[in-house]
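Have a look at the structure below, then the notes.
This chain uses plain numbering: 1 for the first residue, then up along the sequence.
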Amino acid sequence: ERRVISYRSFVAPGGEPGQPALLEDVATSGRLAFFPKLEGWGRTQVNGLDLTQLSGYASAQDIEIREGLLDVTTRTDADGERVKVGLSMLFHDLSVKEKSGGPIQRVLKLPMSLENALFLTRSPDGTHRISVDIGLSPDGISLADLATQATSAIAVFFASALAGAP
């Protein structure tokens with residue numbers, strides 16, 4: 001028997017007094033059925049993720065996050081045959097530095113340093129917007145598949161933007 005789950009939530013986390021918050025807020029909603037087939041939709045919005053709060057993780061990879069906020073929007077639609085995931089990332093005032101040939105430059109196959117690539121692709125308002133659409137089979141959804149497809153799309157974003165840069 002088909003059972004549908006509907007959900008909606010909004011969270012505005014509080015931080016410790018005197019400490020910066022990790023993010024501003026998270027909102028999520030959806031309507032999904034998992035049996036007999038995966039069908040339905042889901043939406044999530046994360047606002048104001050302070051990327052400098054992740055600097056401890058980044059520094060272990062010799063990456064320095066100097067500044068930046070991230071807004072993320074996801075859209076997931078499942079029709080029983082395919083799952084479509086849309087991911088939109090809006091980076092505000094992003095400043096990240098790594099050694100030449102560092103892990104981000106290597107994974108994204110950037111023809112220059114990450115710092116230069118970010119400078120050349122920055123919008124006049126100081127943002128970087130990257131949108132990715134991913135199609136998956138409902139039988140085999142994995143985070144590895146999502147990460148691989150998202151990384152490929154980000155690499156294409158940089159390749160296209162840098163090809164048109166002066």
Side-chain donor-acceptor pairs of residues 147-156 under 3.5 Å, sequence neighbours excluded:
from: Thr148; atom 1: OG1; to: Ala144; atom 2: O; distance (Å): 2.9
from: Thr151; atom 1: OG1; to: Ala147; atom 2: O; distance (Å): 2.8
from: Ser152; atom 1: OG; to: Thr148; atom 2: O; distance (Å): 3.1

Partners passing side-chain hydrogen bond (donor to acceptor under 3.5 Å, both in side chains) against [X] (at least two apart in sequence or in another chain):
| X | value |
| --- | --- |
| Thr74 | none |
| Thr121 | His128 |
| Thr44 | Thr28 |
| Asn47 | Asp25, Gln45 |

Are [X] and [Y] in one and the same hydrophobic cluster, where Ile, Leu, Val, Met, Phe, Trp and Tyr link if side-chain heavy atoms are under 4.5 Å apart?
| X | Y | value |
| --- | --- | --- |
| Leu69 | Phe119 | no |
| Phe157 | Met112 | yes |
| Ile65 | Leu108 | yes |
| Leu120 | Phe158 | yes |
| Trp41 | Val46 | no |

Using a 3.5 Å cut-off and no angle test, enumerate the donor-acceptor pairs between side-chain atoms of residues 84-95 and protein atoms at least two apart in sequence or in another chain.
from: His92; atom 1: NE2; to: Asp71; atom 2: OD2; distance (Å): 2.8

Heavy-atom pair of closest approach, residues Leu38 and Val83: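 Closest pair (atom of Leu38, atom of Val83, distance): CD2-CG2, 3.7 Å.
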Non-hydrogen atoms of Leu32 and Gly40 that approach each other most closely: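 Closest approach of Leu32 to Gly40, heavy atoms only: CD2-C, 3.8 Å.
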Point-to-point distance, once rounded to the nearest 0.5 Å, from NZ of Lys97 to CG of Asn116: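 Answer for the NZ-CG pair, Lys97 versus Asn116, is 9.5 Å.
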Nearest-0.5 Å distance, CD of residue Glu67 to OG of residue Ser55: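 Reported to 0.5 Å precision, the distance equals 13.0 Å.
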Verdict with reasoning, Lys37 to Glu81, per side chain to side chain contact (heavy atoms under 4.5 Å, CB included): CA-CA 8 Å; Lys37 294 187 218 177; Glu81 303 299 321; 3.6 Å; yes
Pairwise salt bridge (Lys or Arg N to Asp or Glu O under 4.0 Å) hits with a residue in residues 118-136, at least two apart: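 Passing the test, one end in residues 118-136: Arg75-Asp133.
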Qualifying salt bridge (Lys or Arg N to Asp or Glu O under 4.0 Å) pairs with a residue from residues 48-63, counting only residues at least two apart or across chains: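 Found Asp62-Lys99.
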Set of residues satisfying salt bridge (Lys or Arg N to Asp or Glu O under 4.0 Å) with respect to [X], sequence neighbours excluded:
| X | result |
| --- | --- |
| Glu64 | Arg66 |
| Arg43 | Asp77 |
| Glu39 | Arg2 |

Tyr57 OH: over 12 foreign heavy atoms closer than 6.0 Å: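 No, not enclosed.
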Those residues that, when tested against Ser6, pass side-chain contact (heavy atoms from CB on, under 4.5 Å) (two or more places apart):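 Testing Ser6 for side-chain contact (heavy atoms from CB on, under 4.5 Å), a comparison that skips the adjacent residues, returns Val4, Arg31.
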Close side-chain approach of Val72 to Leu49, heavy-atom, < 4.5 Å: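 No, their side chains stay 4.5 Å or more apart.
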